[in-house]
Number of protein chains: 2
Amino acid sequence: MPREARYRAIARELGRRIESGELPPGERLPTEDALAERFGVHRLTARQAMVELRKAGLVETRHGLGSFVRRAPRRIEVSIDPITRRHRQADLEGLATTFAGGEEILGRGFAEHPASARHLGVPGSEVYEITTLLRSGGAPCVLNRYRLHPGQADLVYDPRLGVLGSLEAGGTAYRYTWHAISADLADLVDQAVLAVDAGAAVLVREGLVMHGDEPLCHVERRCRGDLISFVTRYD
Amino acid sequence: MPREARYRAIARELGRRIESGELPPGERLPTEDALAERFGVHRLTARQAMVELRKAGLVETRHGLGSFVRRAPRRIEVSIDPITRRHRQADLEGLATTFAGGEEILGRGFAEHPASARHLGVPGSEVYEITTLLRSGGAPCVLNRYRLHPGQADLVYDPRLGVLGSLEAGGTAYRYTWHAISADLADLVDQAVLAVDAGAAVLVREGLVMHGDEPLCHVERRCRGDLISFVTRYD
DNA sequence: AAGTGGTCTAGACCACTCC
DNA sequence: GAGTGGTCTAGACCACTTC
């Protein structure tokens, strides 16, 4: 058994103090130089320990200022009704407030996406993609990708209603046939659009929207993992 | 505008080649020494670029072997039945195969957990915690934390049935009253138990289990984000 | 034994924030 | 200007994998 790396031991020690509450949220950690001296290592080794703590989400670093124990932001709870397969009616008002401003459209056009084309039963891999963004209090929260059957390319889009609401307003009733939820790491687009670091956790909810028996739209919602959670209440 | 860091430029260049398919999944990347020479930087700078690519999930590094373009593993789909609030009956067999071996118990005992105590309506913060692990094909997949009402400390545990199954076998019927799903980064325990790196994505599903009108158990399931997804089928 | 990534030291200079 | 984190070079030795 190789001995534990110095920087890991330092990270563990600091992590322990954070989780025990000895270093409370918001508290400033010692500087990298101070840690290096205290533990008798080079600054880069102390720095590596801070990298570990950042990766674990325990610490947040600001250039020129220092590192601070991270305050966990309260997550926005997005409700899911198990029966209607949509948000609960009672929660729609709250959601409208949380995501005031509606779906900001980032782009629309034909795109190659083999997986979505397969879900939609479209020959080839071309789908019609609309990309939108939801913000809460100005902060980007959810990146939506609607991959539509190419026949829907002429959709008239109303940002207040969103893509699915616009479909419905145009007379195309819809329902979900399945949903899948998974956790990913932020890719390069997520990083730019959601304003997160490389390696941030992203909560992904995708689903297939039907119109009658016809697949209509493959939806992928990429949500900031630190801000969003999906909640189902059965009572 | 400060110029882009050298290591970021290198990471971007390699990332572009991976995403374009020029470097296909499984392909081995140049060694750190080779990259350093090619880009005219010190090995640590080239290495830092690899760190970025690992954070973005594009690359996987094996000590003594090299770095490889990551093949996305196929996710295990864990079904959720929106009506019964449990796994679908039809899928139980598949799940039993996927997670053959049942719930391996990692520990049990009284523990301080204020949030769970609040959910359970227990005065103070002490709950009875059972920690278990699910493996699929030997690989650790899901870390379960069952935080029980202290009155359940005498639970007779059968690993084939799991904690909730054992409760039910003991005559304590249960149902979920809510579920919440979120995405986290691996904490230090996750890293050790689930055998993932710091900064890995973890899919967390928690819920509150009731027995009649009494809160019975606060369940937290921490799943490897790269291996698990939750699927709800409505048809 | 050879080749690879993992850790660590030493020292330098740059960029950001605050006073 | 002083103090902080961010980037980079130079060089060393260790640990893991393959042959």
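Throughout, a chain's letter reflects where its sequence line sits, starting with A, and its residues are numbered from 1.
- One atom, CG of B/Leu65, and another, C1' of D/dA15, lie 13 Å apart when rounded to the nearest Å.
- The phosphate of D/dG3 has neither OP1 nor OP2 within less than 4.0 Å of any side-chain N or O from A/Thr31.
- Residue B/Leu133 comes nearest to B/Val193 through the heavy atom pair CD1-CG1, 3.7 Å, listed as atom of the first residue, atom of the second, then distance.
- Nearest-nucleotide positions on DNA chain C place B/Pro30 closer to the 5' end than the other of A/His42 and B/Pro30.
- Side chains of A/His179 and B/Phe230 form no contact here, defined as non-hydrogen atoms less than 4.5 Å apart.
- Atom CD in A/Gln48 sits roughly 13 Å away from atom P in D/dG6 (whole-Å rounding).
- Cation-pi check for A/Arg6 over A/Phe39 is not met; the charged atom does not lie both under 6.0 angstrom from the ring centroid and within 45 degrees of its normal.
- Following rounding to the nearest Å, B/Glu4 (CD) and C/dC14 (C1') show an atom-to-atom distance of 16 Å.
- Within 4.0 Å (heavy atoms only), A/Arg43 reaches at least one base atom of the nucleic acid.
- Put simply, CZ on B/Arg62 is 12 Å from C1' on D/dC16, counting in whole angstrom units.
- The listed nucleotides are D/dT4, C/dG5, C/dT9; the one nearest the side chain of B/Leu44 is C/dT9.
- In the set D/dT9, C/dG6, D/dG6, D/dT9 carries the atom at the smallest distance from any side-chain atom of B/Thr45.
- Between the side chains of A/Tyr146 and A/Arg221, at least one donor N or O sits under 3.5 Å from an acceptor N or O.
- Within the 4.0 angstrom heavy-atom criterion, only backbone atoms of the sugar-phosphate kind lie near B/Arg6; the bases stay farther away.
- The CD atom of B/Glu32 sits 15 Å away from the C1' atom of D/dG11 (whole-angstrom rounding).
- OP1 or OP2 of D/dT7 lies within a sub-4.0 Å distance of a side-chain N or O belonging to B/Tyr7.
- In this structure, the CD atom of B/Glu60 is 19 Å from the P atom of C/dT4, given to the nearest Å.
- Taking atom CZ of residue A/Arg47 and atom P of nucleotide D/dG3, one finds them 19 Å apart after rounding to whole Å.
- Other residues, nucleotides and ligands contribute over 12 non-hydrogen atoms within 6.0 Å of the CD atom of A/Glu112.
- Distance, B/His63 NE2 to D/dC16 P: 6 Å, rounded to whole Å.
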